[in-house]
Asker: 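The structure that follows is given in the form of structure tokens.
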Amino acid sequence: MSIHWADVIAERLEGSGPHTIATGITPSGPVHIGNMREVMTAEAVYRALLDRGVEARLIYIADNFDRLRRLYPFLPESFKEHIGKPLSQIPCPEGCCASYADHFLNPFLKSMERLGIKPEIYRADLLYKEGRYNEAIKTAFSRKDEIARILKEVSGRAVPEGWSPFDAICSVCGRTNTTRVTGFDLDAETVDYVCSCGSQGTVPMAGGGKLVWRVDWPARWPIFQVTVEPFGKDHATAGGSYDTGKRISEEIYNYPAPFPVVYEWIHLKGVGAMHSSTGIVVTIQEMLDVVPPEVLRYLIIRNKPEKHIEFDPGLPLLSLVDEYDQRKGDERAIELSNVSKSGPFEIPFRHMVTAVQIARGDEEQLFVALERSGYDVVSRREEILARARNVQVWLEKYAPPYVKFQLQEKLPAAINNLSAAERQGLGLLAQRIDEKTAAEIHDLVYAVAKEMNLDSKKFFQAVYLAFLGDRQGPKVGWFLASLDRDFVRSRLEAAAGSPD
């Protein structure tokens with residue numbers, strides 16, 4: 001069996017600890033499962049290191065001091081006035097949080113908790129305001145010509161005349177994209193600027209602005225002693241921000257660049273790569289309403305970071321849940337995904353889809369339907385209810401139409417279209433169904449069809465018509481086993497006796 005990718009990385013790193021694994025996301029929009037790949041990749045490496053007895057810590061830096069770059073599709077037109085301002089200093093778009101950044105960051109932090117991910121959390125705006133970056137800013141100013149040379153050599157593009165490694169925040173309009181740095185005082189730790197809004201002034205290095213991204217990233221590595229960091233493939237391109245960051249870190253800050261773990265995007269099937277700015281997202285909260293936390297972790301951890309994930313929230317998601325629940329997938333990926341340390345969950349998600357639709361919101365009926373199918377409904381009652389809630393949301397949002405059904409209270413009129421032989425077959429099914437198990441009922445349908453010389457596919461359709469008024473439905477044996485057996489017999493008898 002091949003060694004899991006997280007263990008491959010841990011094995012390579014175990015002789016050079018202690019390690020700090022860093023991760024960070026800019027909360028510029030809804031944080032989606034594509035973003036979560038970075039955090040889960042970092043956490044998987046963290047767990048793998050701990051499993052080897054290596055001292056390690058996991059940190060998360062929220063880049064909430066980055067500026068709003070443009071008017072995203074999900075924002076009202078009124079937010080145009082905030083373009084260029086730090087996210088932490090823009091009002092909440094819905095008025096429910098302290099800032100724009102918190103509006104998107106807070107749900108993400110709650111999702112991390114539900115996923116069992118517990119990093120040390122830092123906010124970039126506070127780090128700057130507390131002066132944690134001051135020495136890095138002073139170094140960047142004093143060696144800005146060297147940094148400019150590195151950027152040109154690595155990226156192939158010269159920095160513009162008057163370039164500064166620091167973006168000052170205008171004291172009047174609050175923007176960083178309209179200011180130009182005109183001077184600095186290393187002793188006083190201040191920066192002078194002029195702004196296109198017509199103002200000019202002096203701001204402190206501590207919170208009066210921030211380092212530009214290509215300098216900010218390597219500057220934080222020595223501050224936190226970062227040794228490992230996952231990042232998206234956009235940063236890993238030749239001449240990209242990791243290449244420039246590596247040179248700046250080693251030549252300007254005298255710190256070795258962290259071990260890189262490059263990850264691919266998660267694509268939403270039929271739509272494209274997820275990105276907050278384009279509105280192509282499935283948020284983590286939305287997915288946690290559909291699948292247990294362990295399964296969402298497994299979706300990401302079972303794949304090597306460099307492999308892109310095609311995410312399909314339809315039927316393939318059901319298969320993924322069952323693969324995890326029944327421990328049929330990668331054992332190590334399952335181990336690294338397990339949050340609650342619970343054992344295999346015996347009720348297939350597909351059968352839960354059937355039972356939930358039979359119960360129609362009645363918890364007791366749900367347990368009755370599951371118990372009829374032979375499942376234990378006592379020992380993990382709360383977990384079953386949580387799965388039922390997952391199923392209900394999946395049915396509402398992602399289930400293909402042919403998976404949905406409604407048990408008909410009366411014999412559907414469509415049953416009149418059956419042949420005499422098909423109705424006779426339903427009568428035989430009623431006589432022989434007694435207390436058979438789900439699998440036995442399934443086999444019985446085939447046996448009756450063969451005995452009556454009926455096309456088995458059409459006979460299955462006849463069964464569905466009798467109960468659902470439709471020619472398709474869930475797996476017949478498990479569906480009928482979930483229903484009251486007397487009801488099943490009487491419905492089959494009624495269908496058998498219906499006129500042509």
Side-chain angles (χ1 to χ4, degrees), residues 2-9 21 23-26 29-48 60 108 111-112 114-117 228-237 242 260-339 349 390 393-394 397-400:
S2 61
I3 185 170
H4 189 268
W5 62 262
D7 292 314
V8 171
I9 294 171
I21 303 100
T23 177
I25 293 167
T26 302
V31 184
H32 51 78
I33 61 172
N35 300 132
M36 186 56 84
R37 185 167 203 180
E38 173 164 322
V39 181
M40 286 192 198
T41 299
E43 205 251 5
V45 173
Y46 169 68
R47 280 196 182 196
Y60 170 81
F108 175 65
S111 296
M112 277 206 292
R114 289 180 65 185
L115 288 159
I117 301 171
V228 185
E229 184 157 2
F231 49 87
K233 65 175 183 178
D234 53 336
H235 295 310
T237 55
Y242 181 74
V261 183
V262 181
Y263 61 85
E264 256 282 2
W265 305 136
I266 296 181
H267 292 244
L268 186 58
K269 188 167 181 65
V271 181
M274 291 193 203
H275 204 293
S276 295
S277 62
T278 62
I280 300 175
V281 297
V282 175
T283 68
I284 303 150
Q285 303 97 286
E286 285 174 322
M287 270 302 94
L288 288 174
D289 286 339
V290 176
V291 296
E294 290 88 351
V295 175
L296 187 51
R297 289 174 62 96
Y298 182 64
L299 166 71
I300 292 171
I301 291 173
R302 70 177 183 150
N303 291 286
K304 291 179 179 179
E306 65 270 20
K307 181 183 176 185
H308 101 268
I309 297 172
E310 189 82 11
F311 179 66
D312 186 343
L315 281 180
L317 187 61
L318 298 196
S319 300
L320 182 72
V321 177
D322 288 340
E323 181 181 314
Y324 176 84
D325 278 347
Q326 294 161 37
R327 304 301 193 258
K328 292 178 179 176
D330 183 312
E331 288 181 23
R332 181 58 170 153
I334 288 169
E335 184 181 4
L336 289 169
S337 302
N338 205 331
V339 178
F349 206 72
N390 290 156
V393 176
W394 182 79
K397 291 188 173 183
Y398 304 113

Asker: Would the distance check show the side chain of His4 and the main-chain N or O of Ile301 forming a donor-acceptor pair, the cut-off being under 3.5 Å?
Answerer: yes

Asker: Looking only at heavy atoms, what is the nearest atom pair of Ala48 and Ala6, with distance?
Answerer: CB-O, 3.5 Å

Asker: Closest approach of Asn390 and Val291, non-hydrogen atoms and distance?
Answerer: OD1-C, 3.8 Å

Asker: Determine the sole option in Gln285, Glu286, Met287 for which the side chain to side chain contact (heavy atoms under 4.5 Å, CB included) test with Ser111 is passed.
Answerer: Gln285

Asker: With side chain to side chain contact (heavy atoms under 4.5 Å, CB included) as the criterion, how do Val339 and Arg297 come out once you've worked through the C-alpha distance, each side chain's angles and the decisive distance to 0.1 Å?
Answerer: CA-CA 9 Å; Val339 178; Arg297 289 174 62 96; 3.4 Å; yes

Asker: Please test Val45 against Trp5 for side chain to side chain contact (heavy atoms under 4.5 Å, CB included), starting from the C-alpha separation and ending with a verdict.
Answerer: CA-CA 9 Å; Val45 173; Trp5 62 262; 3.9 Å; yes

Asker: Could you grab the distance from atom CG of Leu318 to atom CG of Asp325, nearest 0.5 Å is fine?
Answerer: 11.0 Å

Asker: Applying salt bridge (charged side-chain N to carboxylate O under 4.0 Å, His left out), name anything that partners Glu306, two or more places apart in sequence or on another chain.
Answerer: none

Asker: Knowing that exactly one of Ile25, Val31, Ile284 qualifies, which makes a side chain to side chain contact (heavy atoms under 4.5 Å, CB included) with Val39?
Answerer: Ile25

Asker: Does the Trp394 side chain pair with the main chain of Pro313, one donor and one acceptor, at a distance under 3.5 Å?
Answerer: yes

Asker: Can you tell me if Arg37 uses its side chain to pair, donor with acceptor, with the backbone of Ile300 under 3.5 Å?
Answerer: no

Asker: State whether the side chain of Arg114 and the backbone N or O of Leu288 hold a donor-acceptor pair below 3.5 Å, judged by distance alone.
Answerer: yes

Asker: Out of curiosity, Trp265 CH2 to Asp234 CG, how far, rounded to the nearest 0.5 Å?
Answerer: 3.5 Å

Asker: For Asn338 and Glu294, work out which heavy atoms get closest and say how close.
Answerer: CA-CG, 3.8 Å

Asker: I need the Glu229 CD to Ile21 CD1 distance, nearest 0.5 Å.
Answerer: 10.5 Å

Asker: Measuring from atom CD of Glu323 to atom CG of Leu299, what distance do you get when rounded to the nearest 0.5 angstrom?
Answerer: 10.5 Å

Asker: Between Arg332 and Glu335, is there a side-chain N and carboxylate O pair less than 4.0 Å apart?
Answerer: yes

Asker: For Tyr60, check ring pair (Phe, Tyr, Trp, His ring centres under 6.0 Å) against everything at least two apart and list the hits.
Answerer: Phe108

Asker: Closest approach of Pro230 and Thr41, non-hydrogen atoms and distance?
Answerer: CB-CG2, 4.0 Å

Asker: To the nearest 0.5 angstrom, please state how far the NZ atom of Lys307 sits from the CD atom of Glu264.
Answerer: 11.5 Å

Asker: Check whether any side-chain N or O of Tyr298 sits under 3.5 Å from a backbone N or O of Asp330 as a donor-acceptor pair, and report yes or no.
Answerer: yes

Asker: Under the 3.5 angstrom rule, does the side chain of Asp322 hit a backbone N or O of Ser319 as a donor-acceptor pair?
Answerer: no

Asker: Does a side-chain N-to-carboxylate-O contact under 4.0 Å join Arg47 and Glu43?
Answerer: yes

Asker: Looking at CD1 of Ile334 and CZ of Arg302, how far apart are the two atoms once the value is rounded to the nearest 0.5 Å?
Answerer: 10.0 Å

Asker: Stepwise, does the side chain to side chain contact (heavy atoms under 4.5 Å, CB included) test hold for Ile309 with Tyr263?
Answerer: CA-CA 10 Å; Ile309 297 172; Tyr263 61 85; over 6 Å; no

